[in-house]
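Each chain gets a letter, A, B and so on, in the order its sequence line appears, and its residues count up from 1.
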Amino acid sequence: MLDISLIRAKRDWVEGEIAKLNTKAPIAQIVALDSCRRELLTEAEELKHRRNVVSKEIGRMKEAEDRQAKITEMRAVSDRIQALDKQLRQVNEELREAMLWVPNLPHYSVPVGPDEDHNIILRDEGEPREEDFKLLPHWDLGPKLGIIDFERGVKLSGTRFYLLRGLGSRLQRALIQWMLDVAVDQHGYTEMHLPLMVRAEMMVGAAQLPKFADNIYHDAEEDFWWLGTAEIALTNVHRDEILPPDSLPITYVAYTPCFRREKMSAGRDVRGIKRGHQFDKVEMYRFTRPETSYHALEEMVEQAAYLCQALEIPYRVVEMCTGDLGFQASKKYDLEMWAPGCQEWLEVSSLSNCEDFQSRRANIRFRREKGGKPEFVHTLNGSALALPRVMIAIIETYQQADGSITVPDVLQSYVGASSISA
RNA sequence: GGAGGGGUGCCAGAGCGGCCGAAUGGGGCGGUCUCGAAAACCGUUGUGGCUCUACGAGUCACCGUGGGUUCGAAUCCCACCCCCUCCGCCA
């Protein structure tokens, strides 16, 4: 959520920034509702002041006649207040709802561009593999090795579901374990185990609702919402808190399954394990002071990139342009791994600085010093990494001429094997 | 799932419908005393909105949440959320 006073003071500038995002927001409506709200508020509060004063007088009055006269007068005042409050409630609700549809604004450093074709490839690491034999895509190699089972996944749950089997399952578990260990042991993150379903307010706080309701699994009976990413739960861990001085930065890492309806990408990426309704992910998360959040973002990019390097898989770092920033981010980087079988760059990580966009929604603040005024924290999130796509990259990159897969060095002790064969 | 109890400020804990933004104790912060510390004593200790002649002033709101009754609600009524205890059931 943006600061309403920013919209009030610099409306044209805000509208210009939103235009860069190649999206729309109900700014005109917000400005109108805001001024309406303040008019109603002023009148209501003046009347309430009068009522407070006179009501105290009534309490002290002895003469029944005087008393009754004042009570009659105040009855009218109260009726008016009630009417104003009712209007005010409605205006407030409309204003809040409208504010929830306004996207975050881009950081000044973000390149301006209408869509993903204008993203910037910052760097490219590692040589894409070329062989004299044909490198198979994972959807062929996986079933051949008995480590991915598409048919039975579909039998159980329908399209976009699959099973991992044997060393395939173990390889993924090894990756999860290894990535958590790196985050905790090398980078000092605190590991979290989270609820996978949360209340609707958490979805609003993390800026998933109201805009992305279509993409979220929802249990109507209990009103539980399933995580599309651990970011949603992590954002709300410190909801409605004022963090004491010296508590920042707070850094968390969590492994969770993620659930997405994928309504927007119906018919796309249906082959293989690239885009399922359920996938696993290790997520890094930080709460920082405003002045350190961009440094933190760069650190997180390096931490995610380290994983790609350690796995010895070619990857690249892409900086999102304004048109591809999404709803919550002020600045965002993607990490992509090269999958030589399906000949595709796969997004394995997305790292964002949301500044105070989520912390305003979820009301997460901190104090610089004892007695200082509460300020909103900055929140950052980044995958480290998304499992299915890393699995694809490993399976395709490490395949051998005999059809087996060599296990990357860093994972061998976790997998308990150096290669996977049929 | 059944029965009961409860949600008040940083914590504990009071609170006849007006004198309650809230007693009292503890904690924190500042000070007196002290070579220093402890003890004792004194003072202080929330968040948000709006307005303005704006490093300040005024005002409104906030005692789980949302409504209602009333001239006036922490106090009365309704709904919801959460917590605790006991019983039942269960990985």
Query raised in the report: Given the side-chain rings of A/Phe327 and A/Phe212, with only the six-membered ring counted for Trp, is the space between their centroids under 6.0 Å?
Result: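 Yes.
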**Report entry** Side-chain donor or acceptor of A/Ser349 paired with backbone N/O of A/Ser383 under 3.5 Å
**Finding:**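 A pair under 3.5 Å: yes.
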**Report entry** Backbone N/O of A/Val377 and side chain of A/Ser359: donor-acceptor pair under 3.5 Å
**Finding:**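 Confirmed, A/Ser359 side chain pairs with A/Val377 backbone.
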Name the atoms and distances for all side-chain donor-acceptor pairs under 3.5 Å in residues 29-42 of chain A, with sequence neighbours left out.
| residue | atom | partner | partner atom | Å |
| --- | --- | --- | --- | --- |
| A/Asp34 | OD1 | A/Arg8 | NH2 | 3.1 |
| A/Asp34 | OD2 | A/Arg8 | NE | 2.7 |
| A/Asp34 | OD2 | A/Arg38 | NH2 | 3.3 |
| A/Ser35 | OG | A/Ala32 | O | 3.3 |
| A/Arg37 | NE | A/Asn92 | OD1 | 2.9 |
| A/Thr42 | OG1 | A/Arg38 | O | 2.8 |

Query raised in the report: Does A/Gln82 place a side-chain N or O at less than 4.0 Å from the phosphate oxygens OP1/OP2 of B/rU70?
Result: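 Answer no for this pair, as no side-chain N or O of A/Gln82 is under 4.0 Å from OP1 or OP2.
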Query raised in the report: Distance check: side-chain N/O of A/Asn363 vs OP1/OP2 of B/rU47, anything under 4.0 Å?
Result: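 No.
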Query - Worked check of side chain to side chain donor-acceptor pair (under 3.5 Å) between A/Glu299 and A/His295 - result: CA-CA 6 Å; A/Glu299 272 183 8; A/His295 176 69; 3.1 Å; yes
**Report entry** Nearest-angstrom distance from the residue atom CD of A/Glu241 to P of B/rG48
**Finding:**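 These atoms are roughly 15 Å apart.
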Query - Value in whole Å for how far the P atom of B/rG18 lies from CZ of A/Arg60 - result: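 Checked: the CZ to P distance equals 14 Å.
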Please report the distance separating the [atom1] of [N] from the corresponding atom of [M], rounded so that it comes out in whole Å.
N: B/rG66; M: B/rG13; atom1: C1'; value: 27 Å
N: B/rC20; M: B/rG46; atom1: C1'; value: 16 Å
N: B/rC29; M: B/rC16; atom1: C1'; value: 36 Å
N: B/rG56; M: B/rC63; atom1: P; value: 28 Å
N: B/rA22; M: B/rA61; atom1: P; value: 14 Å
N: B/rC19; M: B/rA23; atom1: P; value: 13 Å
N: B/rC42; M: B/rC50; atom1: P; value: 40 Å

Report task. Report which part of the nucleic acid A/Arg360 touches: base, sugar-phosphate, or nothing (heavy-atom distance under 4.0 Å, all strands). Result ->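 It contacts nothing in the nucleic acid.
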Report task. Looking at every strand, decide which applies to A/Glu93 at a 4.0 Å heavy-atom threshold: base, sugar-phosphate, or nothing. Result ->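 It contacts nothing in the nucleic acid.
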Query raised in the report: Ion pair present between A/Arg11 and A/Glu15, side-chain N to carboxylate O less than 4.0 angstrom?
Result: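 Yes.
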With a 3.5 Å limit on both atom pairs, tell me what [N] is paired to, counting Watson-Crick and G-U wobble, or say none.
N: B/rU59; value: B/rG49
N: B/rU70; value: none
N: B/rU24; value: B/rA12
N: B/rG43; value: B/rC29
N: B/rG4; value: B/rC84
N: B/rC35; value: none
N: B/rA54; value: none

Report task. Identify, between A/Leu41 and A/Arg367, the residue whose nearest nucleotide on RNA chain B lies closer to the 5' end. Result ->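 Taking each residue's closest nucleotide, the earlier one in sequence belongs to A/Arg367.
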Query raised in the report: Which residue lies toward the 5' end of RNA chain B, A/Arg50 or A/Ser55, if each is placed at its nearest nucleotide?
Result: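 Closer to the 5' end of RNA chain B: A/Ser55.
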